[in-house]
Amino acid sequence: MSAEKPEAGELSLPQAFLLLATNDKDGEPDVPQAVLKAGLAGAILAELDLLGAIELQGKHVRATGAAPQTDFQHQLELIREKSRPHTPKRWVSMLESRAELHRVYEGMASLGIVDHVGERHLGLFKTTRYPEKNHAPEAALLEKISAALGGSAAGQGTADGGMSPSGATDRRITALVGLLYSAELLGKVFPGADQGRARELAHEHWASRAVADELRMIRLAEAEAAT
């Protein structure tokens with residue numbers, strides 16, 4: 001698989017996922033923390049895959065030996081150094097991290113995309129929110145996602161309901177659509193999106209499938225704990 005680097009000024013998949021998963025006004029995630037962490041972990045794997053640093057070989061994720069520049073060097077080194085390979089789902093579980101959530105948010109804050117807003121509780125910072133500051137990056141993402149879904153999100157789908165020509169060649173956006181679908185976020189971002197097409201993209205994308213599998217296991221564990 002050929003490597004695909006983000007264009008100048010383009011958000012990484014983890015940044016794009018968190019931006020779309022966060023309420024623009026209040027800066028709170030639109031999904032529970034467990035979903036947010038699993039989705040971010042899947043987005044990191046997807047980013048490393050697009051960069052050509054890792055790939056799926058059979059049922060396991062393996063490092064390729066390539067050394068691209070990435071903001072997710074720590075995760076790449078973990079994959080490289082493991083003596084035994086793991087499945088994508090296992091890596092999603094291992095890479096889930098609250099600290100990584102804040103690191104990616106803070107990276108977007110440093111770019112002026114979101115604001116860092118701390119809320120005080122008894123004189124201490126209790127929570128941190130990241131409301132949108134610059135809508136342009138998200139607007140560009142939404143336009144590309146709409147094109148990838150054949151414009152269905154805007155009510156202007158293609159005749160066959162498939163992807164538009166531009167969306168068909170944008171592997172970053174199709175990966176993002178798959179991740180959003182697996183995290184049950186696509187319907188919130190695009191209420192009128194072609195869910196059938198999004199389901200196909202998620203199924204075809206191994207990192208998105210891993211997110212869905214991890215969230216399925218989390219829900220099963222929660223259901224068992226509640227009984």
Side-chain angles (χ1 to χ4, degrees), residues 11-23 27-51 53-56 59-62 70-79 82 85-108 114 127-130 138 141 145 171-190 193 195 198-226:
L11 297 181
S12 69
L13 279 174
Q15 289 174 327
F17 177 82
L18 282 193
L19 185 62
L20 293 174
T22 305
N23 187 281
E28 295 282 358
D30 286 330
V31 292
Q33 280 287 312
V35 177
L36 200 67
K37 290 190 293 184
L40 179 64
I44 291 171
L45 291 173
E47 180 72 15
L48 293 175
D49 181 47
L50 284 174
L51 291 173
I54 64 173
E55 63 184 8
L56 185 65
K59 296 181 178 181
H60 299 107
V61 177
R62 298 179 186 271
T70 174
D71 289 335
F72 305 96
Q73 192 66 33
H74 172 67
Q75 291 85 350
L76 176 55
E77 292 303 322
L78 285 177
I79 296 172
K82 275 295 177 184
H86 293 309
T87 63
K89 178 194 170 299
R90 177 61 176 153
W91 274 117
V92 167
S93 179
M94 292 175 66
L95 296 180
E96 291 171 353
S97 167
R98 190 179 185 88
E100 189 65 18
L101 282 176
H102 288 290
R103 190 181 78 85
V104 176
Y105 272 128
E106 289 296 332
M108 289 193 288
V114 298
T127 61
T128 305
R129 298 180 293 109
Y130 296 93
E138 182 173 348
L141 284 173
I145 291 173
R171 290 170 50 224
R172 286 190 158 271
I173 293 301
T174 56
L176 180 58
V177 170
L179 290 164
L180 291 171
Y181 180 84
S182 293
E184 298 182 359
L185 269 165
L186 189 65
K188 296 181 180 181
V189 176
F190 279 117
Q195 295 292 316
R199 187 184 305 111
E200 290 178 11
L201 294 176
H203 181 73
E204 294 166 1
H205 186 236
W206 63 263
S208 297
R209 293 198 306 272
V211 171
D213 290 343
E214 173 67 3
L215 291 177
R216 189 177 302 113
M217 293 302 296
I218 289 174
R219 294 188 186 101
L220 286 173
E222 290 175 343
E224 289 181 2

### Query
Is His203 atom NE2 crowded by more than 12 heavy atoms from other residues, nucleotides or ligands, each under 6.0 Å away?
no
### Distance, nearest 0.5 Å, that separates CD1 of Ile218 from CG of Asp213
11.0 Å
### Message
Among Glu214, Lys37, Arg209, His86, exactly one meets side-chain contact (heavy atoms from CB on, under 4.5 Å) together with Val92. Which residue is that?
### Response
Glu214
### Message
Let's go through Trp206 and Asp49 carefully: what are the C-alpha distance in whole Å and the side-chain angles of both, what is the deciding distance for side chain to side chain contact (heavy atoms under 4.5 Å, CB included) to 0.1 Å, and is it a yes or a no?
### Response
CA-CA 10 Å; Trp206 63 263; Asp49 181 47; 3.5 Å; yes
### Message
Would you compute the distance between atom NE2 of His205 and atom CG of Leu179 and round it to the nearest 0.5 angstrom?
### Response
5.5 Å
### Summary
Distance col, row Leu36:CG vs Glu100:CD, nearest 0.5 angstrom, shows 11.5 Å
### Summary
Residues Val31 and Ala183: closest non-hydrogen pair is CG1-O, 4.2 Å
### Query
Counting heavy atoms not belonging to Met94, are there more than 12 under 6.0 Å from its CE?
yes
### Pairwise distance CZ(Arg98) to CG(Leu40) - rounded to 0.5 angstrom
12.5 Å
### Summary
Note: Leu176 and Ala16 closest approach over all heavy atoms is CD2-CB, 3.9 Å
### Query
How would you list, by chain and number, every residue that makes a side-chain hydrogen bond (donor to acceptor under 3.5 Å, both in side chains) with Glu28, sequence neighbours excluded?
none
#### Entry: Pairs involving residues 177-190, ordered by first then second residue, that meet side-chain hydrogen bond (donor to acceptor under 3.5 Å, both in side chains) (sequence neighbours left out)
Tyr181-Arg199, Glu184-Arg219
### Task
Begin with the C-alpha distance, continue with both residues' side-chain angles, and end with the deciding distance and a verdict on side chain to side chain contact (heavy atoms under 4.5 Å, CB included) for Phe190 and Leu20.
CA-CA 10 Å; Phe190 279 117; Leu20 293 174; over 6 Å; no
#### Entry: Contact check, side chains of Leu50 and Arg171, non-hydrogen atoms, under 4.5 Å
yes
### Within-4.5 Å side-chain heavy-atom neighbours: Met217 and Lys89
yes
### Task
Under the side chain to side chain contact (heavy atoms under 4.5 Å, CB included) rule, what do Val114 and Thr22 come out as? Steps first, then yes or no, please.
CA-CA 10 Å; Val114 298; Thr22 305; over 6 Å; no
### Query
Can you check whether Leu201 reaches Ser208 side chain to side chain, under 4.5 Å on heavy atoms?
no
### Query
Do the non-hydrogen side-chain atoms of Leu51 and Leu76 ever get within less than 4.5 Å of each other?
no
#### Entry: Heavy-atom check, side chain of Thr87 versus side chain of His60, under 4.5 Å
yes
### Task
Take Val211 and Val35, measure what side chain to side chain contact (heavy atoms under 4.5 Å, CB included) needs, and give me the verdict at the end.
CA-CA 9 Å; Val211 171; Val35 177; over 6 Å; no
### Query
If every non-hydrogen atom of Pro88 is compared with every non-hydrogen atom of Leu56, which pair is closest and at what distance?
CG-CD1, 3.6 Å
### Query
Under 4.5 Å between any side-chain heavy atoms of Trp91 and Leu78, yes or no?
yes
### Query
Pick from Gln15, Gln75, Arg172: which one makes a side-chain contact (heavy atoms from CB on, under 4.5 Å) with Glu47?
Arg172
### Task
Determine whether Ile173 and Leu141 make a side-chain contact, defined as any pair of heavy atoms from C-beta on separated by less than 4.5 Å.
yes
### Message
Does this structure show an ion pair linking Glu106 with Arg103, if we count only N-O contacts that are shorter than 4.0 Å?
### Response
no
### Query
How many angstroms lie between atom CD1 of Ile79 and atom CD of Glu55, to the nearest 0.5 angstrom?
11.5 Å
### Query
Any side-chain donor paired with an acceptor under 3.5 Å for Thr128 and Tyr105?
no
### Task
Please examine the side chains of Leu48 and Ile44, heavy atoms only from C-beta on, and report whether any two atoms are closer than 4.5 Å.
yes
### Message
For the CG atom of Leu45 and the CZ atom of Phe72, what is their distance to the nearest 0.5 Å?
### Response
11.0 Å
